[in-house]
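To start, the structure itself, in structure tokens.
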Amino acid sequence: MGEHRGDPWQWRDEIVQAHPALRDGTPRTALVPLAEAAGRVLAAPLTSPEELPAQDLSAMDGFAVRRAELTAPGTTVLPVVADLPARPGRPAPLAPGTAARIMTGAPLPPGADAVVPVEDTDADPVGPAPAAVRITLASPLPPRKHVRGPGEEVTRGEELAPAGTRVGAALIGLAAALGVTDLEVHAPPRVSVVVTGDELTGAGPAVPGTVRESDGTMLAAALVTHGAIPRVLRGPDDPARLRAVLADAARAADLVVTTGGIGHGAYDVVKSLLGPGGAGTSRFAHLALRPGGPQGHGTLPPSDGADRGTPVVHLPGTPVGALVGYHLFVRPLLPGPAPAPRRVLVGEGSFAVRRPGLTVVAGRLRRGAGGRESVDTLPGRRLAPYGRADALVLLDGSLPDAAAPGESVLVLDL
């Protein structure tokens, strides 16, 4: 559990592997209305209660016919005995030797086995239904041409999405089309954020020797954005009192995140309390990462009769280090798809100096005239540029000294 200068990506993998249960979702589940399920994670597979479509439907605007009554190649004239828009109700059977005008999505009348598109007829596409229709075909219609059959999209009992799927708009739309009204989802993870440091103060006039606390507010906002329920606590620099705060933080929490107190100084109380010189339940490292080199993770002791402890991730106390550490090491623990870096090109006028290891800078994504995505690195010091950013730019120190325009770099969306 000692110090080492580690690889940030290996550290990320180590944290995820150490706490797999949280990524799979909290043990608490809830049945929620479909309209409230967006962004939540399925706790059970979603299966279809019925077929979609439930009956034969027209896939085109045209005329429902019996294929055997058509001359192909050639022309057939049939009387039009019905006009069938897409509306509730069952259409009457189609009499032999007749056709019915039909719209896309309308139920096919019994007896019909194909739909001729209006383009293959002499009918006005937007006028009233004609008394008769002239159908001209170059070749015979294949069976059930332009007919959507029962279960063509979804069969009864088919798995639509496995457990662990984050619910999006398309899945909600599909569920609604099948008459599903509720989804079983994991309850949002409860995350306690413990912000340490006696020098921290709240809003109000600046006092010499104090710093306005921002880590807790910032991380709580990030956690809400990513579907968690945050609770922020203040942790003193006194070990005994901090131990009590951590016990309170772990109580009824799925994850605890601390900020500060994990460096090399005499007052780094989190490390001294939980590291190798203390309880030994957390592992600390100085990663090859700027900003946010000091990092830690472990497990807080069980509380309230729990059979296992609560996962804890230790972030630096500097706001920018805490922000970078959150996106690299905390977000992958939250339920749903893990955030994955992707490659884009550096935009014109961008510049960012690399250092050994992984350098993270604030970026702003944009699309050029041709639609190609690029990222501009933002100037400024400490947290200021991140306030304008919508991405983290991840620069590998093994490459040239600066991120040059047109170069491919990794970005992580915020």
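Since the structure is predicted, the reported quantities are computational estimates derived from the model, not experimental observations.
Taking Ser272 as the reference, Val269 meet the side-chain contact (heavy atoms from CB on, under 4.5 Å) condition, with sequence neighbours excluded. Contacts of His226 classified as side chain to side chain donor-acceptor pair (under 3.5 Å), with partners at least two apart in sequence or in another chain: Tyr326, Arg331. Under the side chain to side chain donor-acceptor pair (under 3.5 Å) criterion, Thr104 pairs with Asp61, not counting sequence neighbours. Annotation: salt bridge (charged side-chain N to carboxylate O under 4.0 Å, His left out) contacts of Arg40 (sequence neighbours excluded): none. Not counting sequence neighbours, Arg290 has no partner by the side chain to side chain donor-acceptor pair (under 3.5 Å) test. With sequence neighbours excluded, no residue satisfies side chain to side chain donor-acceptor pair (under 3.5 Å) with Arg90. Qualifying salt bridge (charged side-chain N to carboxylate O under 4.0 Å, His left out) partners for Arg12, counting only residues two or more places apart in sequence or in other chains: none. Among residues two or more places apart in sequence or in another chain, the salt bridge (charged side-chain N to carboxylate O under 4.0 Å, His left out) test is passed with Glu373 by Arg342. Take Asp83 and apply the salt bridge (charged side-chain N to carboxylate O under 4.0 Å, His left out) test, not counting sequence neighbours, and it matches Arg101.
Note on residues 105-121: no pairs pass salt bridge (Lys or Arg N to Asp or Glu O under 4.0 Å), not counting sequence neighbours. Evaluation of the salt bridge (Lys or Arg N to Asp or Glu O under 4.0 Å) test over residues 140-151, restricted to residues two or more places apart or in two chains, returns Asp56-Arg144, Arg148-Glu153.
In this structure, CG on Leu392 lies 9.0 Å from CG on Asp413, to the nearest 0.5 angstrom. One finds the CD1 atom of Ile262 at 11.5 Å from the NE2 atom of His297 (value rounded to the nearest 0.5 Å).
Between Arg190 and Asp254 there is a salt bridge, since a side-chain N of the basic residue sits under 4.0 Å from a carboxylate O of the acidic one.
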Practice task
Before giving the answer on salt bridge (charged side-chain N to carboxylate O under 4.0 Å, His left out), spell out for Asp248 and Arg243 the whole-Å C-alpha distance, their side-chain angles and the decisive distance to 0.1 Å.
Solution key: CA-CA 9 Å; Asp248 183 24; Arg243 185 180 292 108; over 6 Å; no
Atom pairs and distances, side-chain donor-acceptor, residues 379-389, under 3.5 Å, sequence neighbours left out:
from   : atom 1 : to     : atom 2 : distance (Å)
Tyr386 : OH     : Val360 : O      : 3.1
Arg388 : NH2    : Pro379 : O      : 2.8

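Aromatic pair His314/Phe284: ring centres closer than 6.0 Å.
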